[in-house]
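Heads up, the thing below is written out as structure tokens.
Only this structure's heavy atoms are used, side chains among them; waters, hydrogens and symmetry mates stay out.
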Amino acid sequence: MVLGSDKICAVVAAADAGSMAGQLRQALRQTRTVELRLDWLASSREIVRFLDYLAASKPRGTLIATCRRREGGGRFRGTIAEELFYLSEAIRAGCAWYDLETETSSKCPPELLEALLGEGRRLTSAHFFRRMPRDLGRIAATLIREGGSHGRRGAGAIKIAAQCDSLTDGLKLLRLARTRANLVAIPMGDVAQPARLLGLRERNGFAYAPVENATAPGQISLDEMTRVYRADKLSRATRVYGVIRDPIGHSLSPAMQNAGFQARGMNAVYVPFLVRDLQDFLAAIGPLGIRGFSVTLPHKEKILRHLDGCDPLAAKIGAVNTVVVRGGGKLYGYNTDYVGVLQSLERRIPLRGSRVLIVGAGGVARAVAFALAQAGAAVCVCARRPKRAESLAPAVGGEAISRARVRKEFFDAIVNATPVGMHPATGASPLKADELNCRLVFDTIYRPRQTKLLKLAARRGIETVSGMEMFVAQGTTQWEIWTGERAPAAVMQRAVLRALESEEKKRKAVRAKR
């Protein structure tokens, strides 16, 4: 490893010494490498208090002291002299390493740094928060020159952290890290988050993971990094899967799919990709070693033109939510939303002969429509854009109906196949209470479990079905397509439930504080 014994570096950052100490204790239960963000402490008094705690407690682990000034992207408002003083005190308190940003190191005589900080090992860092710099090689060479002797404890290292607005940029940064054993490369930004995570497969991979407070864009929390992604166990042999979406939000698919891999003891990981540019993602499939991926909004229909082959049913539906990467990088598509719909509805109502209204006409709606038609239901489609409904309905032998007709007619079931009511816009519903003239309402949305639509239906005594059932059913089918093994469905469902319950608790806690 470049720094410490672990590739995952916990980030401890808080405004007061007590919270910093608590985060440090929590961090050391999951990793032995920890960055201490002294610049996050609210005052000099809090910095001194925390360093006193550090010196007295003598925690076991590799500690990296950071007191980054505002000029370097940190929060410390003091002078260069004050920054160096607190870093030197941190070394005396037990920090083996210190992070010195180039905005400071370039202005200090090497002799001064050696005198003040020579007992520590230096991580000379450069941060580019706006965009990826062009000449990474030149920047690395400059950092090495500024690093000097790196201290009397041994060789130091350099770090380049840069905003990456594409996976292409993230991969470029990771390739640079392979050229030098003492270089830490950190892709920043939500788009490059998978590169940050998957970079841990490399020999000198390194990633920062906050205990509580993110200190840079695209960071994954320490708990999620270790519990969901098992990032400390990633290697070049790890099989990579993922989900592509825009926006990606906090997808529950990683919790579900990774729980399945863990239950079966597989060396595999499933990561979320924020994909604004589909071509950028497709170009990264080979370099990242992606074996398969889920496809969701807004790419379910767009992905079709990039496939080398497609399951006949998915082609008929005109939307793909599952892709397998075969030999030579060939892409083959499936649609497992179809399975999720049937499993969720067939156990509750006899579909043959039933009249079902589908609200929406996008990728999910198409899968629902074809599933219901294949099962023998009479399909009606109502959409915000009538022309889309008029296009979908005939394809399944169904009928397009206007919004005005919905409240006047009766259906055996109504299915919401739109994103209306999805977190965070949970106060919205695609239909009003007086439009729910049916025996059953099924919402394909799974976050939240009880959408506004389902609440309206329940108040009228109508049976409801949460989208979580469909989500788990389609997800376990994806897992089986990728792995060729039977999915541990119960384990994967529990993982989704835990994640949803955790989210709901957090939201309640936030509301309680207001």
So does [X] have more than 12 non-hydrogen atoms from other groups sitting under 6.0 Å from [atom1]?
{"X": "Arg507", "atom1": "CZ", "result": "yes"}
{"X": "Arg236", "atom1": "CZ", "result": "yes"}
{"X": "Arg45", "atom1": "CZ", "result": "no"}

Quiz prompt | Separation of Ser44 OG from Phe76 CZ (nearest 0.5 Å) | solution = 6.0 Å
Quiz item: Going from OG1 on Thr124 to CZ on Arg145, what distance comes out if it is rounded to the nearest 0.5 angstrom?
Solution: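 Here the interatomic distance stands at 12.0 Å.
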If the threshold is 4.0 Å, N to carboxylate O, is there a salt bridge linking [X] and [Y]?
{"X": "Glu103", "Y": "Lys107", "value": "no"}
{"X": "Arg326", "Y": "Asp308", "value": "no"}
{"X": "Arg498", "Y": "Glu501", "value": "no"}
{"X": "Lys506", "Y": "Glu503", "value": "no"}

Self-check item: Identified side chain to side chain contact (heavy atoms under 4.5 Å, CB included) counterpart of Trp482 within the set Gln257, Arg291, Arg239
Solution: Gln257
Quiz item: When you check the side-chain N and O atoms of Tyr98 and Ser88, is any donor under 3.5 Å from an acceptor?
Solution: no
Quiz item: Can you tell me if Thr104 and Arg69 form a side-chain donor-acceptor pair at under 3.5 Å?
Solution: yes
Self-check item: Main-chain N/O of Val191 paired to Asp165 side chain as donor or acceptor, under 3.5 Å
Solution: no
Self-check item: For Val339, all residues meeting side chain to side chain contact (heavy atoms under 4.5 Å, CB included), sequence neighbours excluded
Solution: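 Counting only residues at least two positions away or on another chain, Val339 forms a side chain to side chain contact (heavy atoms under 4.5 Å, CB included) with Gln343, Thr477.
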Quiz item: With sequence neighbours excluded, what pairs up with Phe50 under the ring pair (Phe, Tyr, Trp, His ring centres under 6.0 Å) test?
Solution: none
Practice problem: Check Leu87 against Cys67 and note the closest heavy-atom contact, atom names and distance. | Solution: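 So the two residues come closest at CD2-N, 3.9 Å.
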Practice problem: Mind listing the closest non-hydrogen atom pair of His127 and Phe129 along with its distance? | Solution: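 Nearest pair, atom of His127 first, then Phe129: CB-CE1, 3.4 Å.
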Quiz item: Side-chain contact, heavy-atom cut-off 4.5 Å: Arg486 with Glu480?
Solution: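 Arg486 reaches Glu480 side chain to side chain.
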Exercise. Determine whether Leu54 and Leu24 make a side-chain contact, defined as any pair of heavy atoms from C-beta on separated by less than 4.5 Å.
Key: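 Yes, close enough: below the 4.5 Å cut-off.
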